[in-house]
Amino acid sequence: MLAKGSRIILFFAVVVATAIGLWSIRSNGTEEARPQARLQSPAFELTDFARADGPIEILFPEDNGPHPEFLTEWWYYTGNLDTANGRHFGFELTFFRRAIAPPDVISEDRESDWAADQVYLAHFSFADIQSDRFYFYERFSRGAAGLAGARAEPYEVWIDDWRVAQQADGTYHLIAAQGGLMIDLVLTDLKGPVLHGIDGYSKKGPEPGNASYYISQTRLASDGTILLDGQEYEVTGYSWMDHEYSTSALGANQVGWDWFAIQLNDDTELMLFQLREEDGGIAGFSSGTIIGADASVNALANEDFEIIVTEEWTSPNSGAKYPAGWRIVIPGYEIDLEIRPYINDQELRVSFTYWEGAVRVTGSRAGVAVEGNGYVELTGYAHSMQGEF
């Protein structure tokens with residue numbers, strides 16, 4: 001998401017602050033347009049929210065739901081899908097929550113159903129590899145009147161008719177539609193929740209609280225249908241879910257991140273993220289996780305892996321130059337992988353511009369050939385990410 005290996009909070013501060021900048025939400029439910037040249041800082045301080053300042057006990061199903069005591073939170077779904085005859089698709093459906101104010105300053109006496117203390121934002125993107133086409137959409141809504149929200153039991157997160165909801169049999173129903181595109185999937189968790197870092201505590205920098213609580217479901221068997229341009233496709237594949245909540249931002253000298261979620265055909269998954277610094281270096285808090293076929297979880301420190309850029313691609317739309325090929329080497333696990341985007345142009349030009357797309361993976365593990373799919377997120381490459389917020 002911040003993202004994503006870690007989807008660090010600046011991502012959400014930028015994205016959802018944009019949503020807040022689109023309106024002021026009043027206790028009587030009215031909306032007032034607020035055109036601005038730049039977004040203004042909120043009246044409250046980060047210290048008014050809970051901080052991720054050390055390992056805690058993460059409980060299920062409670063911690064699948066929202067954590068309004070933290071400033072920002074996100075639920076990320078990405079996946080690679082195929083038809084029976086081999087037509088390949090990729091998708092992203094992401095939900096962001098951002099608090100308007102700390103919970104203890106929100107009045108409980110507001111009577112309107114439209115009164116909100118949270119803003120939600122969602123991104124929906126879709127890659128049709130055969131046609132070399134990429135679709136992306138964005139929605140904003142207040143967390144009130146049933147328009148958007150999240151809950152733990154039964155688990156559900158949604159904006160309008162974009163939603164993921166747990167069903168009585170424990171599977172998840174994911175659905176999103178926009179224009180002539182619809183994706184409708186049932187997701188079955190094959191491994192259970194994965195806690196990254198130290199029991200879910202994923203540190204991003206040296207400052208106190210510069211961290212998130214980070215949970216994933218790394219192998220979700222996915223079955224369902226895609227409706228595209230009036231044609232319906234039956235698809236199967238695997239999806240990945242990331243859930244993070246935190247309050248802090250990137251460090252002052254960090255400009256973006258590269259995040260990898262990889263699913264190999266030997267039933268192994270790999271999450272890696274690296275935080276890029278202004279001088280071109282990689283922050284020492286970059287890290288990762290290897291999830292074994294038996295659902296074992298092994299943490300990786302920054303020095304345990306190397307990510308080598310092998311190709312680049314320049315967007316004809318934003319002018320941003322992105323990596324477009326990587327080699328990942330993890331000597332301690334005898335892993336050596338080559339990663340390539342299915343299509344180069346998977347750039348989302350929404351509230352701000354970033355790249356997130358489906359990738360194909362080949363390589364070896366312990367001398368045995370492996371292959372697979374995944375998703376990669378790249379932030380901080382487009383000029384819009386460098387603006388003042």
Donor-acceptor pair between [X] and [Y] side chains, under 3.5 angstrom:
X	Y	value
T353	E347	no
Q274	S286	no
T225	E232	no
D189	Q217	yes
D63	Y213	no
H196	S202	no
D160	W158	no
R349	S318	no
D242	Y214	yes
Q167	H173	no
S216	H243	no

Begin from the C-alpha positions of Q346 and W355 and carry the test side-chain contact (heavy atoms from CB on, under 4.5 Å) through to its verdict.
CA-CA 6 Å; Q346 296 181 78; W355 194 100; 3.9 Å; yes
When rounded to the nearest 0.5 angstrom, what is the spacing between [atom1] in [X] and [atom2] in [Y]?
X	Y	atom1	atom2	value
Q178	F126	CD	CZ	13.5 Å
Y135	F89	OH	CZ	9.0 Å
D169	T188	CG	OG1	7.0 Å
L270	I335	CG	CD1	6.0 Å
L337	L264	CG	CG	6.0 Å
L81	S222	CG	OG	6.0 Å

So do the side chains of [X] and [Y] get within less than 4.5 Å of each other, counting heavy atoms only?
X	Y	answer
F124	T94	no
F273	W257	no
F91	I226	no
V361	N373	no
P206	F285	yes
L195	V297	no
R219	D267	yes
L147	Y120	no

Run the side-chain contact (heavy atoms from CB on, under 4.5 Å) check on V164 and Y77 step by step: do they pass?
CA-CA 9 Å; V164 181; Y77 289 85; 3.5 Å; yes
Write down the atom of [X], the atom of [Y], and the distance for their closest heavy-atom approach.
X	Y	value
Y322	A382	OH-CB, 3.9 Å
I343	A127	CD1-CB, 4.4 Å
A324	N344	CB-OD1, 3.8 Å
E73	G65	OE2-O, 3.2 Å
P331	D304	CD-O, 3.6 Å
P341	V359	CA-CG1, 3.8 Å

Under the criterion side-chain contact (heavy atoms from CB on, under 4.5 Å), I'd like the reasoning laid out for Y155 against E153: C-alpha separation, chi angles, the key distance, then a yes or no.
CA-CA 5 Å; Y155 169 75; E153 293 188 81; over 6 Å; no
From CA spacing to verdict: side-chain contact (heavy atoms from CB on, under 4.5 Å), I328, I262:
CA-CA 11 Å; I328 291 178; I262 295 169; 4.0 Å; yes
Between R87 and D128, does the salt bridge (Lys or Arg N to Asp or Glu O under 4.0 Å) criterion hold? Intermediate values first, please.
CA-CA 8 Å; R87 185 164 181 173; D128 178 5; 2.7 Å; yes
Whether [Y] and [X] form a salt bridge (side-chain N of Lys/Arg under 4.0 Å from carboxylate O of Asp/Glu) is what I want to check.
X	Y	answer
E371	R360	no
R133	D229	yes
E334	R365	no
R340	E311	yes

Establish whether [X] and [Y] are linked, either directly or via other cluster members, by ILVMFWY side-chain heavy-atom contacts under 4.5 Å.
X	Y	answer
L187	L190	no
L348	I129	yes
L181	L185	yes
Y238	V186	no
L121	I175	no

Would the distance check show the side chain of [X] and the main-chain N or O of [Y] forming a donor-acceptor pair, the cut-off being under 3.5 Å?
X	Y	answer
R163	A148	no
K191	S296	no
E356	Y375	no
E269	Q263	no
E62	A152	no
W162	A177	yes
W75	N64	yes
T247	A50	yes
N80	G374	yes

R139 to F95, cation-pi by 6.0 Å centre distance and 45° axis angle
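So R139 doesn't make the cation-pi contact.
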So Q166 and T171, side-chain hydrogen bond (donor to acceptor under 3.5 Å, both in side chains) or not? Walk me through it.
CA-CA 6 Å; Q166 191 165 23; T171 62; over 6 Å; no
Examine Y354 together with H123 and report whether their ring centres are nearer than 6.0 Å.
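Ring centres of H123 and Y354 closer than 6.0 Å.
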For the rings on F70 and F49, is their centre-to-centre separation under 6.0 Å?
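Between F70 and F49, the centre distance exceeds or equals 6.0 Å.
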Ring geometry between F136 and F134 (parallel below 30°, tilted from 30 to 60°, perpendicular above 60°):
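Aromatic pair F134/F136 classed tilted.
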